[in-house]
Amino acid sequence: MIRLSALDDRLLAHRPAAATPLGWRCFQLGMFLLASSALLAGLALLLALILGSRGRRPVLEDRANGVLLAAAVLMVLGCFRAASNELAWLGMGNWLPFFWGFWGFQVYLGTPGARRRVALAVVAGTVPVILTGLGQLWWGWSGPFQWLGGLIIWHIKAGGNPPQRLAGLFDYANIAGAWMVLAWPFTLAALVETRQGWRRRGVVLVIAAALVAAVFLTDSRNAWGALMLAVPLVAGPGSWVWLLPVLLVVLAVIGLATLPWVPAAPQELARHLVPEAIWGRLIDLDSGGQRPLAITRLAQWQVALGLIAERPWLGWGAAAFSIIYPMRTGFWHGHPHNLPIDLAMSHGVPVAVLIVGLVLWLLGRAGWLGMAGGSLFDRAWWAATLVLVALHATDIPLYDSRVNVAGWVLLAGLRCYRQPAPPADA
C-alpha cells in the first residue's frame, strides 16, 4: 500500500496547475502505453482529453483552433463529392478527433517539467517496440501475444515486415522507424541529462544503443536520416563547433559511397568504410536500381499533382489515391508518400495550406521564442517535432494512429511553449 502511494505521488509530480489529478495520471499512462496498446492508451487519453477540455476558455480564443476548424469544415464538405464517400467519411477519423486533441491536451503540457515527464513516458513506452523488434529478427518471435484477456494484442511477424526489416509492434518497418526516431531526441536528452546517477544513466545508455540498433535494422532510409538530424538539435548550439564537422565528414563519406557520379577509386574506398547494408540500401542495391517507375515516389507525386490540378478546391476525398492510382498505373499504393501532396489531393489545396501552414508556424514560433535552443528537454521536444514533420515529406506515418496521437501531442506542446521569464533581479 505504501509503495502504491509512493508511485501515485510520483505520477502526480510536475502536474500543471490547470490539469486535474486524474487527467494528469491518465495522460501519462496513455503516453506510456501508446506504442504497446492503441486501445488502452486511447481509453486513457480520451478520459484525459475530456477532463482537460472542461472549464477551459472558448476554443476559438486561440486562432490556431480557428485554422483547424476551417480545415475541418472544408474536409467535411469534400466528403460529399469524394471518389468514395464511405472511405472519405472514414478518413475523417485520421483528422477531426486530433484537432480536438491538439486543444484539449495542451492543459497537460504547459510547463517544462510536464513536457519532460511526457517525454520520458514515451521513451519508456518505446522499450517494448525495441525488444519485440529485436526478438522477431534475432530470436524468431512471432505473435499474436495476448494479455489482459485480449485487451493487449501484439501482432509480431517472425523475420520482420517486410522480411528482414524490423517492425516490432508496428505493421511495417517504416512506421516502427518513425516511432523510434520521434522517441530518439527524448532518449538522447535523458542520456546527457546531468542530474541523474550513473546507474540510471547506464540504463538509458542501453536503451539508446538498442534504439539505434533497432532503427538501423528497420532498413528505413528516412529513419536513418532523422536519427542523424536529431543529434545536433538536441546537443544544442554549444556542441556544434565539433559535432557538425564530424557529422559532415560522416555524410561526405556516405555520399562518396552512394552518389552515381563519384569516380570509381574514391567510391570503392568509401564503400570499404561504410557498411554495405547502408550504402546498398541507399542505392537500392537489391533491385539493381531498376525498380518500375510506377512504384517510385516521383511517379506517385506526379500522378497526385495531376489529380490536384483536376480538383484543387475540395479534393477527391480521403483514401482516393488508393483507388485512382491503380487505375492509372496498374500498381497499388495507399497514399502518395508526401503529406502536403496527400492533403491537397484528398481534401483540396486550401486544407493543405491551412494545416501545413499551421504546423510550420508552430515550429517556427516555438523556435523563435527559444524552444530550439532552450532547456535540454525543450530542445528535444522541438527536435522530435521537426523530425516527425520531416518524415512526412517522403512518407505518411501518421496513418498509424499511435504515431498520429504522438504527433498531435508534440504539436500541442509547441503551442504551449512560452518564452522563459527573465530572473527577478534581471
Could you tell me if the side chain of Leu305 sits less than 4.5 Å from the side chain of Ile308, heavy atoms only? yes
Is the backbone of Gly236 close enough, under 3.5 Å, to the side chain of Ser239 for a donor and an acceptor to pair up by distance? yes
For Gly159 and Leu137, work out which heavy atoms get closest and say how close. O-CD2, 3.3 Å
Could you give me the CA-CA distance, side-chain angles and deciding distance for Leu358 and Leu68, then say whether side-chain contact (heavy atoms from CB on, under 4.5 Å) is met? CA-CA 8 Å; Leu358 176 63; Leu68 294 178; 3.6 Å; yes
When you measure from the side chain of Thr132 to the backbone of Val129, do you find a donor-acceptor pair of N or O atoms at a distance under 3.5 Å? yes
Please examine the side chains of Tyr325 and Leu307, heavy atoms only from C-beta on, and report whether any two atoms are closer than 4.5 Å. no
Given 3.5 Å as the limit, does a donor-acceptor pair link the side chain of Asn404 with the main chain of Asn94, or not? yes
Is any side-chain heavy atom of Ile355 less than 4.5 Å from a side-chain heavy atom of His347? no
Pairs under 3.5 angstrom only: tabulate donor-acceptor contacts from the side chains of residues 369-381 to other protein residues two or more places apart or in another chain.
residue: Ser375; atom: OG; partner: Asp378; partner atom: OD2; Å: 3.3
residue: Asp378; atom: OD1; partner: Arg115; partner atom: NE; Å: 2.9
residue: Asp378; atom: OD1; partner: Arg115; partner atom: NH2; Å: 3.2
residue: Asp378; atom: OD2; partner: Arg115; partner atom: NH2; Å: 3.3
residue: Arg379; atom: NE; partner: Val234; partner atom: O; Å: 2.9
residue: Arg379; atom: NH1; partner: Gly374; partner atom: O; Å: 2.9
residue: Arg379; atom: NH2; partner: Val234; partner atom: O; Å: 2.9
residue: Trp381; atom: NE1; partner: Leu410; partner atom: O; Å: 2.9

One should read off an interatomic distance between Trp184 CH2 and Thr126 OG1, to the nearest 0.5 angstrom, of 12.0 Å
Residue pair Gln300, His335: steps toward the side-chain contact (heavy atoms from CB on, under 4.5 Å) verdict: CA-CA 8 Å; Gln300 295 161 30; His335 55 73; 5.8 Å; no
Hey, are Trp100 and Ser53 close enough side-chain-wise for a donor-acceptor pair under 3.5 Å? yes
List the atom of Ile130, the atom of Ile207, and the distance in Å for their closest heavy-atom pair. CD1-O, 4.1 Å
Would Trp313 and Val349 satisfy side-chain contact (heavy atoms from CB on, under 4.5 Å), going step by step from the backbone distance to the final call? CA-CA 6 Å; Trp313 299 112; Val349 173; 5.9 Å; no
Donor-acceptor pair, Trp301 side chain versus Pro336 backbone, under 3.5 Å? yes
Hey, is the main chain of Leu363 close enough, under 3.5 Å, to the side chain of Trp382 for a donor-acceptor pair? yes
Only distances under 3.5 Å count here; give the side-chain donor-acceptor pairs of residues 223-230 to other protein atoms, sequence neighbours excluded, each with its distance to 0.1 Å.
residue: Trp224; atom: NE1; partner: Val215; partner atom: O; Å: 3.3
residue: Trp224; atom: NE1; partner: Phe216; partner atom: O; Å: 3.4

Do Gln28 side-chain atoms and Ala121 backbone N/O form a donor-acceptor pair below 3.5 Å? no
Backbone of Val118 reached by a side-chain donor or acceptor of Tyr108 within 3.5 Å: no
For Arg10, is the CZ atom crowded, meaning more than 12 foreign heavy atoms sit under 6.0 Å from it? no
With heavy-atom distances below 4.5 Å as the criterion, would you say the side chains of Ile153 and Phe145 are in contact? no
Nearest-0.5 Å distance, CZ of residue Arg15 to CZ of residue Arg117: 12.0 Å
Is any side-chain heavy atom of Val409 closer than 4.5 Å to one of Leu34? no
Heavy-atom closest pair (Ala383 atom, Leu233 atom, distance to 0.1 Å) is CB-CB, 3.7 Å
Heavy-atom closest pair (Pro340 atom, Ala352 atom, distance to 0.1 Å) is O-CB, 3.8 Å
Hey, what's the ring geometry for His337 with His333, parallel, tilted or perpendicular (30° and 60° as the breaks)? perpendicular
Under 30°, 30 to 60°, or over 60°: which ring-plane class applies to Trp95 and Trp408, parallel, tilted or perpendicular? perpendicular
CD/Gln106 to CG/Asn65 distance, rounded to the nearest 0.5 angstrom? 6.5 Å
With distance as the sole test, does Asp219 use its side chain to make a donor-acceptor pair with the main-chain N or O of Leu166 at under 3.5 Å? no
Those residues at least two apart in sequence (or on a different chain) that pass side chain to side chain donor-acceptor pair (under 3.5 Å) with Asp395 are none
Of all heavy-atom pairs linking Leu247 and Pro232, the shortest is CD1-CD, 3.6 Å
With no hydrogens and no angle check, is any side-chain donor or acceptor of Gln136 less than 3.5 Å from a backbone partner on Ala158? no
Does Arg56 use its side chain to pair, donor to acceptor, with the backbone of Trp103 at less than 3.5 Å? yes
Look at atom CD of Glu86 and say whether more than 12 heavy atoms of other residues, nucleotides or ligands are closer to it than 6.0 Å. no
Once you round to the nearest 0.5 Å, how far does CG of Leu120 lie from CZ of Phe186? 9.0 Å
Do the side chains of Pro397 and Asn174 get nearer than 4.5 Å, heavy atoms only? no
Going by heavy atoms in the side chains, are Leu45 and Phe105 under 4.5 Å from each other? yes
Enter the distance from His392:NE2 to Asp342:CG here, rounded to the nearest 0.5 Å. 9.5 Å
Do the non-hydrogen side-chain atoms of Pro112 and Tyr417 ever get within less than 4.5 Å of each other? no
For Trp179, is the NZ or CZ atom of Arg402 found under 6.0 angstrom from the centre of its six-membered ring and inside 45 degrees of the ring axis? no
Which heavy atom in Asn222 sits nearest to a heavy atom in Arg297, and how many Å separate them? ND2-NH2, 4.5 Å
Measuring from Asp171:CG to Lys157:NZ, what's the distance to the nearest 0.5 Å? 11.0 Å
Run the side-chain contact (heavy atoms from CB on, under 4.5 Å) test on Arg54 and Thr20 for me, step by step, so that the C-alpha distance in whole Å, both residues' side-chain angles and the decisive distance to 0.1 Å come before the verdict. CA-CA 10 Å; Arg54 296 168 60 184; Thr20 65; over 6 Å; no
